[in-house]
Amino acid sequence: MHPITATRAAQTAGAPGDFRIEAEDGAARAGVLHTGHGPVPTPIFMPVGTVGSVKALAPDDLNALNARIILGNTYHLYLRPGDEIVARRGGLHRFAAWDKPILTDSGGYQAFSLSGLRKISEEGVLFRSHLDGSKHLFTPEKVLDIQRNLGSDIMMVLDECVPYGTDHDYTARSIRLTTRWALRSRAAFPAEMTRGGAAHNLLFAITQGGFFRDLRTASVEELAPHDFDGFAIGGLSVGEPKPEMYELLAHTAPQLPAGKPRYLMGVGTPLDIMAGIRCGVDMFDCVLPTRNARNGTLYTSLGKVNIKRREFAEDDGPLDPACSCYACRTFSRAYLRHLYVSGELLSFRLNSLHNLTHYLDLVTRARQHILAGTFEDLYAATAALYPDDAA
RNA sequence: GCGGACGUAGCUCAGUUGGCAGAGCACCUGGUUGUGGCCCAGGGGGUCGUGGGUUCAAUCCCCAUCGUUCGCC
């Protein structure tokens, strides 16, 4: 079939918001999520492009490595260049020349990561801009306005992400606030206006609950009955010991509505992602592959490679013999190390290209294994590759 | 040629009224989880230009010498 015809066929195979599960292997699922910009096979990893750019890469690169959906950030794009400027340019897809789906984070995480610059109230989050110090009130309604201006395919509700170590009392009040915000979001932007509108903006809710099983369950129970297009697990990987993260993940993921996509936010390492899939999670995003690429930590079929190490100074072999990315096909480890040590821009590009290729290949293989009923083999192989990361 | 200043870690330089030799950067090794290319943690490294002298003890004081540099003739 002609590529364009094939794309149209795939797009018409489901309406935006449809999530079809094709196979299950244990708790792991292989499916397809339909969006306003085409289908997304799951499980999927979503490269992070905070300000409308996956750092160091162009859309051509993302297509080459088989990226199917990328992330943008409400808070960052609202501050710069401004969501209305993006809207007047035809939305983020047109502005950034990316024609596949975009998921936008709500800014809830920035309330956590930039916690010195914000104040949380019933109304919303008051931010002090990290760029110029100006104040901005982000309400649940406002962040959806922004995300609609951006033309987001998958909008995230505003949530409160509490730091590791937050006590039960505060966390209990926090999940109720996050629930109220989610319901305000849905009420202000009903499904017929978002998913059913011209832009087909899906809306995902975010469950929280810190590191308390009862609160994780409560958060899911409060949100699950409502008409969201997907459900996320937020607030993990915020500094807790690994076993605790895996425990809460295994506790929470199976409770999320089975027929909707499940999204584990901000996670994680290759093994974290395999662990998530094994618990029934469908979608992941993480800055790790791109940030670590820029800092010389590369993920390969042989495990983690610190390309800055001196031992690679005269290593003429490819970074990863099993990888088909441009960097692995073309350059030696010695050259990649030289580029990194020299601070060359090409180092950011090649390393990012490689790490994202590795991540996308990994979830693609996960999908194939689920369809074949052999996902446990892939999980075991990944766990063996990262013995120190295992729970 | 005369006079002065300076020679301490790979680099730029502190410091010691004479008592186990310091910083920043660089280098090496980790870390990085809903992104500020940042940041964090740990580590290796010096016959204190060289040779003498004084002293219990000299990188420090004295002499000589080599080097760098500035000024003057």
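What you see is a predicted model, and the numbers here were worked out from it, not measured in a lab. In what follows, chains are A, B, ... by sequence order, proteins preceding strands, each numbered from 1.
Checked by distance alone, Arg294(A) brings a side-chain donor or acceptor within 3.5 Å of a matching partner on the base of U35(B). Evaluation of atom-type donor-acceptor distances gives a pair under 3.5 Å for the side chain of Thr290(A) against the base of U35(B). In this model, no side-chain donor or acceptor of Asn295(A) finds a partner on the base of G37(B) within 3.5 Å. On a pure distance criterion of 3.5 Å, a polar donor-acceptor pair joins the side chain of Thr297(A) and the base of U32(B).
For Asn306(A), the listed nucleotide lying nearest its side chain is G31(B); candidates were C27(B), G34(B), G31(B). Checking G34(B), U32(B), U33(B) against the side-chain heavy atoms of Leu71(A) singles out G34(B) as nearest.
Nucleotide G3(B) is matched to C70(B) when pairs are restricted to Watson-Crick or G-U wobble geometry with both distances under 3.5 angstrom. Nucleotide C25(B) is matched to G10(B) when pairs are restricted to Watson-Crick or G-U wobble geometry with both distances under 3.5 angstrom. Across all strands shown, G44(B) forms no Watson-Crick or G-U wobble pair with both distances under 3.5 Å. Base-pair partner of U59(B): not found among the strands shown (Watson-Crick or G-U wobble, both distances under 3.5 Å). Nucleotide G34(B) forms no Watson-Crick or G-U wobble pair with any nucleotide shown, as no partner meets the under 3.5 Å limit on both distances.
Judged purely by atom type and a 3.5 angstrom limit, Asp153(A) uses its side chain to pair as donor or acceptor with the backbone of Ile102(A). Distance alone, capped at 3.5 Å, places no donor-acceptor pair between the Asp105(A) side chain and the Asn73(A) backbone.
Only Met265(A), Gly266(A), Val267(A), listed by number, bring a heavy atom of residues 250-267 of chain A to less than 4.0 angstrom from any atom of RNA chain B. A heavy atom closer than 4.0 Å to some atom of RNA chain B occurs in Ile206(A), Gln208(A), these being the qualifying members of residues 199-213 of chain A.
Between Phe112(A) and Tyr109(A), the two ring planes are tilted [angle within 30° to 60°]. Relative orientation of the Phe138(A) and Tyr78(A) rings is perpendicular, given thresholds of 30° and 60° on the angle between their planes.
Among the atoms of the strands shown, base atoms are found under 4.0 Å from some heavy atom of His130(A).
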Salt bridge (charged side-chain N to carboxylate O under 4.0 Å, His left out) between Lys242(A) and Asp272(A), worked out: CA-CA 9 Å; Lys242(A) 214 28 124 33; Asp272(A) 292 344; 3.0 Å; yes
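Ion pairing of Arg365(A) with Asp361(A) is absent here, as no side-chain N (NZ or NE/NH1/NH2) approaches a carboxylate O to less than 4.0 Å.
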